[in-house]
A.B. asks: 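Next up is a structure, given as structure tokens.
Throughout, residue positions are numbered sequentially from 1 according to the sequence presented. The figures here come from the full heavy-atom set of this structure, side chains too, leaving out hydrogens, waters and symmetry mates.
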Amino acid sequence: MAANRYYVYTYGAGQQGRKASGDSRRGGEEVEPERARPIPACLRRAAPAPRTVHGCLCKCLVVVMPLVLLGSFLQDRLEEQLTYSLLAEEKKKILWQLSHQQISSEVENRLRAFRDMEKASPGLQRAKYKLLAGAPPHEKKLLTVGVSSALHPHESGLLDTLRSLFQASSGPELGCVVVLVSLSDSDPERLSQMVASISDLFRTHIEARQLLVLWGQLGGPPPLGTLRPEDRPSPCEALYSAQKADHALLMNFAANLSEYFLMLDDRVRCKPRFISTIYWTLSAWKELPWVTLEFSSLSFAGKVFHSSDLPRLASFLLVFPRDTPTHVLLSEFPLLLAQNTPIRFGSSVFHHVGDRSRLESSCFPADKEKVFGEPDNPTASVRTDMVMLSNNIPQYAYTLNKESFATLNPIRGNYLTVILEKPQKVTRVEVLTGSDKDRKHQLQRGQVELGYGPLEDLQGCARYTLLGPVVEGRLDQVVSYEEDSLEALGCIRLLVLEAQESWLLIRQIRVWTTEYDEEEEV
């Protein structure tokens with residue numbers, strides 16, 4: 001994993017006035033229009049043709065040559081104007097470079113620690129696996145859906161989870177994934193019965209190499225986070241130790257099967273088209289820095305990782321004492337790779353079903369879906385530099401009714417900014433573009449940013465940080481704050497990243513807030 005993948009995007013107030021120039025930046029760095037990336041055949045879409053710059057270069061030469069012939073008479077003045085116009089941008093570039101170098105150095109130190117972790121994990125290097133059903137796919141997939149299941153003496157929700165997974169997915173979607181089930185049980189008879197049930201119910205998927213069932217065991221001396229024969233652990237310690245070993249074995253095996261890894265457990269239900277939802281989200285986030293994307297609020301299920309991070313994550317789970325819960329380590333792992341806040345999407349595509357045992361309930365926090373209720377858009381003004389048509393104002397995009405804001409031919413750098421009347425602790429933001437029925441006139445490529453430090457002239461905020469990219473014309477994300485952060489949100493900005501020659505309909509911007517006490521910040 002490249003060390004320069006993790007950094008923070010920050011936007012300065014000097015970029016607020018961009019209009020027709022189409023200048024869009026990430027953290028002070030120019031971003032070229034995104035080229036078409038290969039898309040799996042299962043979800044392929046037409047790719048735009050590359051653009052030519054030959055004609056533009058010729059026009060530039062025609063303009064530049066007469067300026068050169070003007071001689072020294074205008075030279076001093078031109079340099080003075082150039083220095084004046086570029087001063088703000090140069091300052092931003094310098095600040096970004098210093099910040100980037102500092103973050104890169106910090107990340108490199110953390111990666112070096114992770115390399116040491118891998119060297120200190122002989123249990124994973126010498127792990128033993130036994131294939132119980134199926135075979136690995138012939139080619140590397142987009143996504144591995146990993147399910148770690150500890151079979152219980154009386155019941156298991158594994159079969160229901162697999163049934164929900166396959167029923168919620170189309171044939172083309174399943175062509176992008178491989179489902180990897182790791183079974184852990186000391187009772188050979190119960191293990192054999194479960195393998196037989198999986199083989200009978202899902203034979204078609206096993207034969208298509210879409211489902212793989214295995215059993216694994218750590219090799220070498222027991223790692224720090226697992227139990228030794230002489231240990232006398234508490235019930236929760238024994239549960240944490242076994243669970244960390246199971247997940248580490250699963251991730252270790254999955255590292256080379258696909259580009260990304262989705263973690264589930266054996267008691268979830270999947271929403272229809274969840275694979276397509278994850279695919280298009282990953283496509284939008286591909287060039288952005290992230291460690292974990294969370295598609296539910298559950299402790300384990302719904303987390304997506306880069307497969308290249310799995311060896312480090314597996315080792316990370318095993319180097320902590322056995323009394324450290326697995327879900328705590330999964331939450332801390334992104335912080336070690338400079339993702340300071342969770343990236344969690346507002347609409348969950350996985351839901352927990354069934355009841356936990358009394359022991360599990362006492363050792364793990366209850367998985368409860370966060371209920372946001374209806375949005376409560378606080379009082380705000382809306383500004384934009386997009387083309388405004390008669391009787392259609394940008395405020396329509398923020399009103400919680402059927403009105404919307406329409407514009408024509410947005411260009412790169414265009415924005416629509418919601419400027420809150422008072423600072424707010426925003427908990428969730430949803431931005432909807434395009435028509436509700438046929439999904440036409442969506443924003444093809446854009447992102448939503450959170451602004452802090454409102455300017456006195458109510459033109460926007462002093463700085464912006466990335467919330468997330470628009471995915472298939474919409475964004476729905478939970479807003480997370482760094483620990484001990486007291487700064488409230490002042491602006492929400494929708495930024496166009498690529499020109500589109502069509503109508504753009506910004507149907508609604510929905511905001512959920514909690515009360516914010518200014519005295520608390522003081």
A.B. asks: Minimum heavy-atom separation for F274 and S169, please, with both atom names.
C.D. replies: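 Scanning both residues, the minimum pair turns out to be CE2-OG, 3.4 Å.
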A.B. asks: Within a strict 4.5 Å, meaning less than it, do heavy atoms of the V328 and T326 side chains meet?
C.D. replies: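 Answer no - side chains too far apart.
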A.B. asks: Does a side-chain N-to-carboxylate-O contact under 4.0 Å join R267 and D160?
C.D. replies: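 Result for this pair is no, no salt bridge flagged.
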A.B. asks: Should we say atom NZ of K440 is surrounded by more than 12 heavy atoms from elsewhere, each under 6.0 Å from it?
C.D. replies: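 Counting other residues, nucleotides and ligands, NZ of K440 stays at 12 neighbours or fewer.
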A.B. asks: Give the minimum heavy-atom separation between E487 and R463, together with the two atoms involved.
C.D. replies: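 In terms of heavy atoms, the two residues are closest at OE1-NH2, 2.6 Å.
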A.B. asks: Are any of the side-chain heavy atoms of V479 and T427 separated by less than 4.5 Å?
C.D. replies: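 Answer no - side chains too far apart.
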A.B. asks: Is any side-chain heavy atom of N377 closer than 4.5 Å to one of V418?
C.D. replies: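 Sidechains of N377 and V418: no contact.
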A.B. asks: Nearest 0.5 Å, please: how far is CG in L143 from CD in E259?
C.D. replies: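 The distance works out to 10.0 Å.
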A.B. asks: Can you tell me how far the CD atom of Q210 sits from the CZ atom of F202, to the nearest 0.5 Å?
C.D. replies: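 Answer rounded to 0.5 Å: 12.0 Å.
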A.B. asks: Within the 4.5 Å heavy-atom criterion, are I278 and F295 side-chain neighbours or not?
C.D. replies: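 Yes, side chains in contact.
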A.B. asks: Extract all donor-acceptor atom pairs below 3.5 Å that involve side chains of residues 246-258 and protein atoms in other chains or at least two apart in sequence.
C.D. replies:
from	atom 1	to	atom 2	distance (Å)
D246	OD2	S184	OG	3.0
H247	ND1	Q243	O	2.9
N252	ND2	Y129	OH	3.2
S258	OG	T144	N	3.1
S258	OG	T144	OG1	2.6
S258	OG	Y260	O	2.6

A.B. asks: Are the charged groups of E287 and R445 less than 4.0 angstrom apart, N to O?
C.D. replies: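 R445 and E287: not salt-bridged.
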A.B. asks: Mind checking what makes salt bridge (Lys or Arg N to Asp or Glu O under 4.0 Å) contact with E403, not counting sequence neighbours?
C.D. replies: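 With sequence neighbours excluded, E403 shows a salt bridge (Lys or Arg N to Asp or Glu O under 4.0 Å) to no residue whatsoever.
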A.B. asks: Between atom CZ of R507 and atom NE2 of H441, what is the distance when rounded to the nearest 0.5 Å?
C.D. replies: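 Taking CZ in R507 and NE2 in H441, the distance rounds to 12.0 Å.
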A.B. asks: Would you please name every residue forming a salt bridge (Lys or Arg N to Asp or Glu O under 4.0 Å) with D376, sequence neighbours left out?
C.D. replies: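 Salt bridge (Lys or Arg N to Asp or Glu O under 4.0 Å) check on D376 returns nothing, list empty.
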A.B. asks: Are L467 and T465 side-chain neighbours, meaning at least one heavy-atom pair lies under 4.5 Å?
C.D. replies: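 The answer is no; the side chains never approach within 4.5 Å.
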A.B. asks: Drop me the distance from S296's OG to E294's CD, to the nearest 0.5 angstrom.
C.D. replies: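 One gets 7.5 Å once the value is rounded to the nearest 0.5 Å.
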A.B. asks: For H306, which of W290, F261, F333, W285 qualifies under ring pair (Phe, Tyr, Trp, His ring centres under 6.0 Å)?
C.D. replies: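 Exactly one option meets the ring pair (Phe, Tyr, Trp, His ring centres under 6.0 Å) with H306, and it is W290.
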A.B. asks: Side chains of E449 and Q447: do they bring a donor and an acceptor to under 3.5 Å?
C.D. replies: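 Checked: E449/Q447 side chains pair up, N/O donor to acceptor below 3.5 Å.
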A.B. asks: Test of understanding: with side chain to side chain contact (heavy atoms under 4.5 Å, CB included), list the residues that count as partners of S197, not counting sequence neighbours.
C.D. replies: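 Result, side chain to side chain contact (heavy atoms under 4.5 Å, CB included) vs S197: L159.
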A.B. asks: What closest approach, in Å, do L330 and S299 show between heavy atoms, and which atom pair accounts for it?
C.D. replies: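 Here L330 and S299 meet closest at CD1-O, 4.4 Å.
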A.B. asks: Taking disulfide bond (SG atoms under 2.5 Å apart) as the definition, give me every residue that meets it alongside C491, ordered by chain and number, with sequence neighbours left out.
C.D. replies: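 Applying disulfide bond (SG atoms under 2.5 Å apart) to C491 gives C461.
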A.B. asks: For F350, is the NZ or CZ atom of K271 found under 6.0 angstrom from the centre of its six-membered ring and inside 45 degrees of the ring axis?
C.D. replies: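 Output no; distance or angle outside limits.
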A.B. asks: Do R428 and D476 come close enough that some side-chain heavy atom pair is under 4.5 Å?
C.D. replies: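 Touching, per the 4.5 Å side-chain cut-off.
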A.B. asks: Using a 4.5 Å cut-off on heavy atoms from C-beta on, say whether the side chain of L124 contacts that of L318.
C.D. replies: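 The answer is yes; the side chains approach within 4.5 Å.
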A.B. asks: Nearest 0.5 Å, what's the NZ-CG distance between K141 and L174?
C.D. replies: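 Reported to 0.5 Å precision, the distance equals 9.5 Å.
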A.B. asks: With a 4.5 Å limit on heavy-atom distance, are the side chains of Q477 and V429 in contact?
C.D. replies: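 Not in contact.
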A.B. asks: Please name all residues satisfying salt bridge (Lys or Arg N to Asp or Glu O under 4.0 Å) with R510, sequence neighbours left out, ordered by chain then number.
C.D. replies: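 Checked R510 against salt bridge (Lys or Arg N to Asp or Glu O under 4.0 Å); matches are E374, E430.
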A.B. asks: Rounded to the nearest 0.5 Å, how far does CG of L262 lie from NZ of K303?
C.D. replies: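 Reported value, rounded in 0.5 Å steps: 11.0 Å.
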